[in-house]
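Worksheet: one structure, shown below.
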Amino acid sequence: MKKYLSRWVYKLTGSRRNDQMATITMGFIGLGVMGEPICANITKAGFGDMQVLDLNLEPVARLVALGAHEAQSLADLASACDIIFLSLPGGPEVEKIVLGNGGLLEAGHAGQIIVDLSTCPVTLTREIHKAAQEKGVEFADAPVARTRQAAIDGTLSIMVGGTPQLFKRLQPYLDAAAEEITHCGDIGTGQVMKLMNNMVLIQSVVALSEAFVTAERAGVERSALVDVLSLGSADSFALRNHGKKAMVPNVFPVSAFATDYAIKDITYALELAADMGVDARSATLAKGRLEQSSQNGFGQEYFPAVINTVSGTSKQAYQEQLEKEND
């Protein structure tokens, strides 16, 4: 009930900021597919000044139009902000921004909070946390799940790793971007949850691809298979969303969770499994399917495009299909 009340307060007042919360300066680095709408929702919630930074100036301009301010440099953002959110492509980018020369820990200050919304390796997350502690900076992993539309709507699921005290402090800010916010445990556990979520999801999508193609060749349309599977024990979020909305019409936009990003995530998941002594064979097979899909030209397309690799549909044939439908 409290969750829904906070959303109504936001709708009525335009702000989720509690009067008892001090106005702060926030920073947001990474305004990509997910980062821009997340930052927009946090900015509009009215907690305080928002400084933004991205290599692409177009989303920066859109955020400035919403009331944010463009940071002139990483060092300026690091020195000015109390809380800094990261939404970056993956581990190498997060490592460089936080631990690199002139990065957040070098240019920032004690008492600061860094919240990583990216999907990263668990080992790197814990390494960054240790380095942050030595600088007097608090660090939380808070990877996000669901689609870009959910990011726009503020209905993401966010999995947080960190102390209970830090989680409580971050909750109001994350509430501006998410419908469900889960405290998963100590540092790194948010990443564990996200990686396991995506490992299962990716395997489900690969399984659906094989089922769709098999059924289609046996005389059953994809849409009919979705309808029947959704009535039985094969029903799933992947079926009703990835299957029904992308694989049935065979449309895979480039402004969604790309195949190459999915490969990155399942690679991190397999690294974690190996560290834990688990031989994750089905996930390894799913990764191989995605890699083949990328090699076939679908690296930037929404990752359920793997169905075209299963069916033997080339990138050229797929593009011709889209052009025909758009005529």
Side-chain angles (χ1 to χ4, degrees), residues 25-45 47 49-100 102-108 112-121 124-125 128 132 137 139-152 154 156-161 170 173-174 176-178 190-191 194-195 198 254-258 260-262 264-265 268 300:
T25 300
M26 300 170 290
F28 205 107
I29 302 172
L31 303 172
V33 171
M34 300 297 279
E36 182 182 355
I38 293 171
C39 182
N41 283 324
I42 296 175
T43 299
K44 290 185 291 185
F47 296 109
D49 182 47
M50 175 68 83
Q51 305 281 327
V52 296
L53 191 65
D54 194 89
L55 295 175
N56 184 353
L57 296 182
E58 291 181 5
V60 170
R62 289 192 289 267
L63 266 299
V64 168
L66 290 177
H69 297 89
E70 180 181 359
Q72 296 306 303
S73 68
L74 180 61
D76 286 349
L77 185 148
S79 62
C81 295
D82 304 296
I83 299 178
I84 300 172
F85 298 93
L86 309 178
S87 182
L88 297 166
E93 294 81 7
V94 171
E95 183 174 17
K96 181 179 179 180
I97 289 293
V98 181
L99 300 179
L104 294 180
L105 292 187
E106 186 177 293
Q112 202 166 46
I113 300 172
I114 300 174
V115 184
D116 185 18
L117 304 167
S118 321
T119 301
C120 286
L124 175 62
T125 294
I128 291 174
V137 173
F139 182 80
D141 54 303
V144 305
R146 297 182 182 157
T147 62
R148 174 175 171 79
Q149 188 59 51
I152 293 169
L156 291 169
S157 172
I158 301 183
M159 297 145 279
V160 183
L170 294 176
Y173 307 100
L174 299 179
Q191 296 293 356
K194 172 63 184 292
L195 293 176
N198 281 15
V254 295
S255 58
F257 186 39
D260 288 344
Y261 274 28
K264 175 208 66 166
D265 283 11
Y268 292 164
Q300 296 305 306

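Nothing fancy with the numbering, it's 1 onward along the sequence. What you see below is based on every heavy atom in this structure, not just the backbone, and it leaves out hydrogens, waters and symmetry mates.
- In this structure a side-chain-to-backbone donor-acceptor pair under 3.5 Å is present from Y268 to G91.
- Taking CE of M26 as the start and CG of D49 as the end, the distance is 7.5 Å to the nearest 0.5 Å.
- Two residues are said to be in side-chain contact when any heavy atoms from C-beta on lie closer than 4.5 Å; V137 and I113 fail this criterion.
- The two residues G190 and D141 have their closest heavy-atom pair at N-OD2, 3.0 Å.
- Checking side-chain atoms of E36 against main-chain N and O of V33 turns up no donor-acceptor pair under 3.5 Å.
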Check against side-chain contact (heavy atoms from CB on, under 4.5 Å), L66 and M50: CA-CA 10 Å; L66 290 177; M50 175 68 83; over 6 Å; no

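- The two residues A68 and T43 make their nearest non-hydrogen contact at N-CG2, 4.1 Å.
- Taking SG from C39 and CE from M34, the interatomic distance works out to 13.5 Å, rounded to the nearest 0.5 Å.
- In terms of heavy atoms, L88 sits closest to G30 at CD2-CA, 4.0 Å.
- Counting heavy atoms from C-beta on, the side chains of S87 and F28 come closer than 4.5 Å.
- Between T119 and P143, the shortest heavy-atom distance links the atoms OG1-CB, 4.3 Å.
- One finds the CD atom of E58 at 13.0 Å from the CG atom of L63 (value rounded to the nearest 0.5 Å).
- Between T25 and Q51 there is a side-chain heavy-atom pair separated by less than 4.5 Å.
- A donor-acceptor pair under 3.5 Å is absent between the side-chain atoms of K194 and the main chain of D265, judged by distance alone.
- Here the side chains of F85 and I42 are in contact, with some heavy-atom distance below 4.5 Å.
- The distance from the CG atom of L174 to the CE atom of M159 is 11.5 Å, given to the nearest 0.5 Å.
- Residues Q300 and D260 form a side-chain contact, since some pair of their non-hydrogen atoms from C-beta on lies under 4.5 Å apart.
- Rounded to the nearest 0.5 Å, atoms CG (L53) and CG (L86) are 10.5 Å apart.
- You'll find the side chain of I114 reaches within 4.5 Å of the side chain of L105, heavy atoms only.
- Between the E95 side chain and the T125 main chain, no donor and acceptor come within less than 3.5 Å of each other.
- Looking at heavy atoms from C-beta onward, N198 lies in side-chain contact with F257 at the 4.5 angstrom threshold.
- Here the side chain of R148 pairs no donor or acceptor atom with the backbone of A256 at under 3.5 angstrom.
- Panel note: side chain Q112, backbone C81; a donor-acceptor pair is recorded below 3.5 Å.
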Apply side-chain contact (heavy atoms from CB on, under 4.5 Å) to S73 and L77, showing your working. CA-CA 6 Å; S73 68; L77 185 148; over 6 Å; no

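- Closest heavy-atom contact between N56 and D54: N-OD2, 2.7 Å.
- Here CG of L104 is found 6.5 Å from CD1 of I97. Values are rounded to the nearest 0.5 Å.
- Side-chain atoms of V115 and I84, non-hydrogen and from C-beta on, never get closer than 4.5 Å to each other.
- Taking both residues in full, the closest heavy atoms of F47 and A176 are given as CE1-CB, 4.3 Å, listed atom of the first, atom of the second, then distance.
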